[in-house]
Amino acid sequence: MEQMIIKGLEGITVAATNISLVDGDHGRLVYRAYWAKDLALQHDFEEVCYLLWHGRLPNEIELKKLKNDFREQRRLPAHLVELLKILPENMPMMSVIRTCISAMGDGSYQWPPKVEEAIKITAVLPTIIAARSHLLKGENVIDPHETLDHVANFLYMLNGEIPLGAHSKVLNAYFVLTMEHGMNASTFSSRVIASTESDIVSAITGAIGAMKGPLHGGAPSEVTAMLDEIGSKENAEGWIREQLEKGKKLMGFGHRIYKTRDPRAEALKEMTSQLTKEDPWLDLAVHVEAEAIRLLEEYKPGRKLYTNVEFYAAAVLRAVNMPAELFTPTFTSSRVAGWTANVMEQSLDNRIYRPSSLYNGGMPKD
Ligand SMILES: CC(C)(COP(=O)(O)OP(=O)(O)OC[C@H]1O[C@@H](n2cnc3c(N)ncnc32)[C@H](O)[C@@H]1OP(=O)(O)O)[C@@H](O)C(=O)NCCC(=O)NCCS
């Protein structure tokens with residue numbers, strides 16, 4: 001029988017999951033029977049981590065304990081502080097995160113993966129990013145805050161001051177909306193590694209390696225560059241018309257899977273719309289989005305071009321003063337929750353992944 005190759009495994013179902021549903025036709029994203037959008041608007045990152053890891057939302061006591069565990073686990077182990085100091089200065093932040101997470105893998109991490117291990121890895125990731133950023137600039141590392149929640153503490157460790165409530169809220173929504181998204185390349189990588197009964201640290205290290213690639217980790221900085229160039233609401237229409245007349249693409253619009261509104265962009269828009277009075281940058285983003293959708297319909301009628309998550313991710317990250325080089329690392333800090341959930345799910349009904357390949361290399365002469 002002729003072997004059929006499905007490049008990129010497109011359309012192949014490789015696992016049953018209870019964690020998330022990505023429905024591109026209807027613009028729906030579901031985490032464990034909840035709309036991701038509702039979770040993003042109403043729940044903290046820690047609560048949604050609990051949902052992904054345990055299959056249900058926590059009660060008050062469980063949430064208090066989880067937030068406490070996060071606070072206890074977000075300090076850098078001593079050997080990571082030393083490691084951060086000796087890594088080459090030109091090492092990209094994604095490689096730094098990958099190396100540090102790998103270096104956490106002492107002998108205590110054993111198959112099967114456990115929630116306590118997922119907490120340790122998820123809690124420490126933003127601390128690695130913030131510490132490395134300060135060390136690179138020759139600054140003192142800022143210790144994690146004693147009481148702030150996970151997302152607010154990330155901003156605190158980066159900037160050294162208690163963040164505005166509005167900034168923590170909108171970044172929390174970004175974290176929740178990007179923590180899980182079906183069988184994408186990094187999630188699949190983590191499940192393949194876990195399927196060998198390797199430890200969770202190895203699985204997450206591999207996933208970070210997959211996320212580092214530009215085809216996956218994205219480039220929301222292209223959107224910030226576009227908004228920077230537009231500069232003001234008055235310039236928006238003229239600038240967009242010029243681009244479309246030249247046949248250029250607008251960054252942050254259109255999507256391969258979502259042929260209707262991307263629910264993540266919708267939710268972030270809802271959050272940002274409430275904050276536009278407080279932040280001129282978000283105000284500009286909301287205006288540019290409305291103009292772009294109107295003009296895309298005029299120049300590209302019937303193509304169903306809507307805002308994708310990159311547009312509002314960029315707007316949100318820029319609004320909270322996140323430097324462009326930390327966009328993908330920040331995405332990694334949220335997606336680690338989905339990876340760890342997938343690794344644990346894989347362990348519940350495991351079979352090692354072992355697809356086949358079609359040999360085209362010829363046969364020995366004899
Ligand atoms: C994301 C993307 C690659 C999806 O591509 P796709 O589903 O294969 O759609 P196509 O590239 O075939 O585009 C279909 C039509 O819409 C147009 N189009 C798609 N995205 C557009 C955009 N952002 N701006 C202007 N026109 C766009 C194409 O030019 C094409 O027009 P045509 O029919 O006259 O040739 C594409 O929309 C894109 O390049 N967007 C901009 C970059 C971006 O935001 N990337 C982040 C993705 S998360």
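For the numbers below, each heavy atom of this structure counts, side chains included, while hydrogens, waters and symmetry mates do not. Note that ligands are numbered from 1 as they come in the structure, with each ligand's atoms numbered from 1 the same way.
Each of L51, D149, T122 was checked for a side-chain contact (heavy atoms from CB on, under 4.5 Å) with E46, and the lone residue meeting it is D149.
In the candidate list G252, G247, P301, G252 is nearest to atom 43 (C) of ligand 1, counting heavy atoms. Among R303, H255, M251, the residue whose heavy atom sits closest to atom 33 (O) of ligand 1 is R303.
With hydrogens left out, the protein atom closest to atom 9 (O) of ligand 1 is K259 NZ, 4.6 Å, a heavy atom. Nearest protein neighbour of atom 10 (P) of ligand 1, counting heavy atoms only, is K249 NZ, 4.3 Å. Closest to atom 20 (N) of ligand 1 among all protein heavy atoms lies L305 CD2, 3.6 Å. From the protein, the heavy atom lying nearest to atom 29 (O) of ligand 1 is K300 NZ, 3.6 Å. Looking at atom 8 (O) of ligand 1, its nearest protein heavy atom turns out to be R256 NE, 2.8 Å. Among all protein heavy atoms, the one lying closest to atom 24 (N) of ligand 1 is L250 N, 2.9 Å. Ranking the protein heavy atoms by distance from atom 48 (S) of ligand 1 puts E310 CG, 3.3 Å first. Ranking protein heavy atoms by distance to atom 40 (N) of ligand 1, first place goes to F253 O, 2.9 Å.
Side chains of H181 and N184: a donor-acceptor N/O pair is absent below 3.5 angstrom, by distance only. Checked by atom type, the side-chain pair W111/S347 shows no donor-acceptor distance below 3.5 Å.
Proximity of atom 2 (C) of ligand 1 to the protein is not indicated, since no non-hydrogen protein atom lies closer than 4.0 angstrom. Per-atom contact check: atom 27 (C) of ligand 1 touches the protein, criterion being a heavy-atom distance below 4.0 Å.
Each salt bridge (charged side-chain N to carboxylate O under 4.0 Å, His left out) pair with one or both residues in residues 151-160, not counting sequence neighbours, would appear here, but there are none.
Proximity of L296 to ligand 1, defined as any heavy-atom pair under 4.0 Å, is confined to the side chain (atoms from C-beta onward).
At least one donor-acceptor pair closer than 3.5 Å links the side chain of T127 to the backbone N or O of R74. Of the possible polar contacts, one joining the T332 side chain to the T328 backbone as a donor-acceptor pair under 3.5 Å is found.
Distances between N or O atoms of K248 and those of ligand 1 include no value under 3.5 Å.
When the side-chain hydrogen bond (donor to acceptor under 3.5 Å, both in side chains) test is applied to N153, no partner is found at least two apart in sequence or on another chain.
By the 4.5 Å heavy-atom criterion applied to side chains, R241 and E298 are counted as neighbours.
Taken from CD in E242 to CG in N235, the straight-line distance is 10.5 Å, to the nearest 0.5 Å.
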